[in-house]
Visitor: 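Take a look at the following structure, please.
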Amino acid sequence: MWRVLQQQSVRLGLTLLSYNKVRRMVTRLDAREPADIGDLRRVAWGVAAAARLVPGASCLTQALSGQYLLARQGNASKIRIGIERDTGTELKAHAWLVSGDHIVLGGSLGRFNHLVDHGQ
């Protein structure tokens, strides 16, 4: 239940505020330690499960929610943003949550060009 409310808050924040303001709220927590694989799996599962109940839970909403959950535990992560290659005139962006060398949320980076990383 907490994860659903947390994702709804992030989704609402992204609707009413700028991405940078929401990101600053998430990253103000002191998160420096790498997470162990068990914590990463629990966050990935919880955020994905909650996303099914939150209308408009985009990849960015999920990545920010996951980053917040990890940061609350003191675990560092970053949001990676990229654009899809070869889409013609249509721009398709995607966001991932990355912790250390692990992609926590967002799937494969394969068909995307890396633009920027945000986070600890």
Side-chain angles (χ1 to χ4, degrees):
M1 184 64 174
W2 162 248
R3 287 185 176 108
V4 172
L5 292 174
Q6 190 253 333
Q7 273 196 45
Q8 288 175 333
S9 298
V10 169
R11 181 70 195 120
L12 183 62
L14 287 172
T15 301
L16 300 176
L17 306 169
S18 72
Y19 163 71
N20 285 328
K21 285 183 182 181
V22 175
R23 185 175 55 83
R24 276 194 300 273
M25 286 188 274
V26 169
T27 58
R28 72 175 178 223
L29 298 170
D30 188 27
R32 297 187 180 161
E33 297 298 318
D36 66 47
I37 196 71
D39 288 336
L40 297 179
R41 286 183 178 153
R42 279 188 289 281
V43 166
W45 178 87
V47 169
R52 291 189 289 272
L53 303 173
V54 178
S58 66
C59 55
L60 184 58
T61 302
Q62 293 177 52
L64 282 165
S65 296
Q67 187 176 43
Y68 176 74
L69 291 172
L70 287 172
R72 280 188 32 207
Q73 299 171 6
N75 299 129
S77 64
K78 58 188 171 189
I79 304 290
R80 177 163 291 163
I81 298 177
I83 57 170
E84 191 171 14
R85 293 185 215 116
D86 304 322
T87 59
T89 59
E90 187 178 343
L91 179 66
K92 294 182 182 178
H94 190 61
W96 297 263
L97 177 61
V98 179
S99 182
D101 294 331
H102 303 284
I103 298 172
V104 183
L105 293 163
S108 171
L109 301 170
R111 65 182 199 267
F112 292 87
N113 287 325
H114 176 243
L115 288 180
V116 67
D117 287 341
H118 291 274
Q120 290 102 6

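Values reported hereafter were calculated over all heavy atoms of this structure, with side chains retained and with hydrogens, waters and symmetry mates removed.
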Visitor: Does the pair Asn75 and Leu40 meet the rule for a side-chain contact (heavy atoms from CB on, under 4.5 Å), with working shown?
Guide: CA-CA 10 Å; Asn75 299 129; Leu40 297 179; over 6 Å; no
Visitor: Compare every heavy atom of Ala95 with every heavy atom of Ile79, then report the nearest pair and how far apart it is.
Guide: CG2-CB, 4.3 Å
Visitor: Ignoring hydrogens and angles, tell me if any N or O in the side chain of Ser99 forms a donor-acceptor pair with the backbone of Ala76 under 3.5 Å.
Guide: yes
Visitor: Under a single-linkage definition using a 4.5 Å side-chain heavy-atom cutoff for Ile, Leu, Val, Met, Phe, Trp and Tyr, are Leu105 and Ile81 assigned to the same hydrophobic cluster?
Guide: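 They do share one cluster, since a chain of ILVMFWY contacts under 4.5 Å joins Leu105 to Ile81.
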Visitor: Counting distance only, does the side-chain N/O of His94 pair as donor-acceptor with the main-chain N or O of Gly106 below 3.5 Å?
Guide: yes
Visitor: Using side chain to side chain donor-acceptor pair (under 3.5 Å) as the criterion, list what pairs up with Arg111, not counting sequence neighbours.
Guide: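 With sequence neighbours excluded, Arg111 shows a side chain to side chain donor-acceptor pair (under 3.5 Å) to Glu84, given in chain and number order.
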Visitor: With a 4.5 Å cut-off on side-chain heavy atoms, are Ile103 and Leu97 touching?
Guide: no
Visitor: Treat each ILVMFWY residue as a node, draw an edge where side-chain heavy atoms are under 4.5 Å apart, and state whether Leu91 and Phe112 are in one component.
Guide: no
Visitor: So does Val104 get a backbone contact from the side chain of Trp96, meaning a donor-acceptor N/O pair under 3.5 Å?
Guide: no
Visitor: What's the spacing between Asp36 CG and Gln73 CD if we round to 0.5 Å?
Guide: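 Rounded to the nearest 0.5 Å, the CG-CD separation comes out at 8.5 Å.
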Visitor: Sort and list the pairs that fulfil salt bridge (Lys or Arg N to Asp or Glu O under 4.0 Å) and have at least one residue in residues 97-110, not counting sequence neighbours.
Guide: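 Not a single pair qualifies under salt bridge (Lys or Arg N to Asp or Glu O under 4.0 Å).
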Visitor: With hydrophobic residues grouped by side-chain heavy-atom distances under 4.5 Å, do Val98 and Leu109 end up in a single group?
Guide: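 Yes; Leu109 is reachable from Val98 via cluster members.
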Visitor: For residues Ser77 and Leu70, report the shortest heavy-atom separation together with the two atoms involved.
Guide: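 Taking every non-hydrogen atom into account, CB-CD1, 3.9 Å.
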Visitor: What heavy-atom pair brings Gln62 and Ala48 nearest, and what distance separates the two atoms?
Guide: OE1-CA, 4.4 Å
